[in-house]
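Everything below concerns the one structure shown next.
Worth saying up front: this structure is predicted, and the values here are computed from it rather than measured.
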Amino acid sequence: MPLARRNDHSDVASRAATPTSSPPWANCGCRPAARRGILSSDVKLLADAMHRTLAVRLRITDVSPTERRLIEIGRSAGAVVNCTGSGRSVIGLARHAEHLETVAAAYESAGAHVITLA
């Protein structure tokens with residue numbers, strides 16, 4: 001899974017945080033599904049949870065232009081991509097080692113630093 005972060009900080013924007021008891025994506029059933037996917041090595045279950053949480057995040061909050069671009073880069077390379085929540089970073093899921101190389105090359109050619117976790 002590559003973790004990519006843009007090397008520039010040109011679009012840092014301040015966002016007002018609204019305190020809530022739990023984030024809206026906490027009730028979409030994604031967290032338990034993602035956990036089950038990770039613990040059972042079920043990549044399809046994890047990928048589905050990542051898609052669903054990203055869809056919710058895009059619907060309810062501002063996602064920076066940098067994060068949107070990083071999402072586009074990963075998806076165009078065929079990866080499952082989600083925001084990390086910490087800003088200017090995304091996490092992606094590749095299908096296999098060769099696909100990971102393709103995804104990492106796409107990010108690096110766009111000027112993003114890639115950290116690979118195996």
Would you give the length of the straight line joining atom CG of L70 to atom CD1 of I91, rounded to the nearest 0.5 angstrom?
13.0 Å
Value rounded to 0.5 Å, distance of CG in L93 from NE2 in H51:
8.5 Å
Taken to the nearest 0.5 Å, the spacing of L117 CG from I115 CD1 works out to 7.0 Å
Thinking salt bridges, do D48 and R52 make one under a 4.0 Å N-O criterion?
yes
Name all residues meeting the side chain to side chain contact (heavy atoms under 4.5 Å, CB included) criterion together with L45; count only those two or more places apart in sequence or in a different chain, and write none if there are none.
A33, R36, D42
Restricting to side chain to side chain contact (heavy atoms under 4.5 Å, CB included), what partner residues turn up for H99, sequence neighbours left out?
A79, A94, R95, H96, V103
If every non-hydrogen atom of V81 is compared with every non-hydrogen atom of I71, which pair is closest and at what distance?
CG1-CA, 3.9 Å
E67 CD to N82 CG distance, which is reported to the nearest 0.5 Å:
10.0 Å
Side chain T53, main chain A49, donor-acceptor under 3.5 Å
yes
For residues I73 and A110, report the shortest heavy-atom separation together with the two atoms involved.
CD1-CB, 3.4 Å
Could you pull out all residues at least two apart from E72 that satisfy salt bridge (charged side-chain N to carboxylate O under 4.0 Å, His left out)?
R69
How many angstroms lie between atom CG of L54 and atom CZ of R59, to the nearest 0.5 angstrom?
10.5 Å
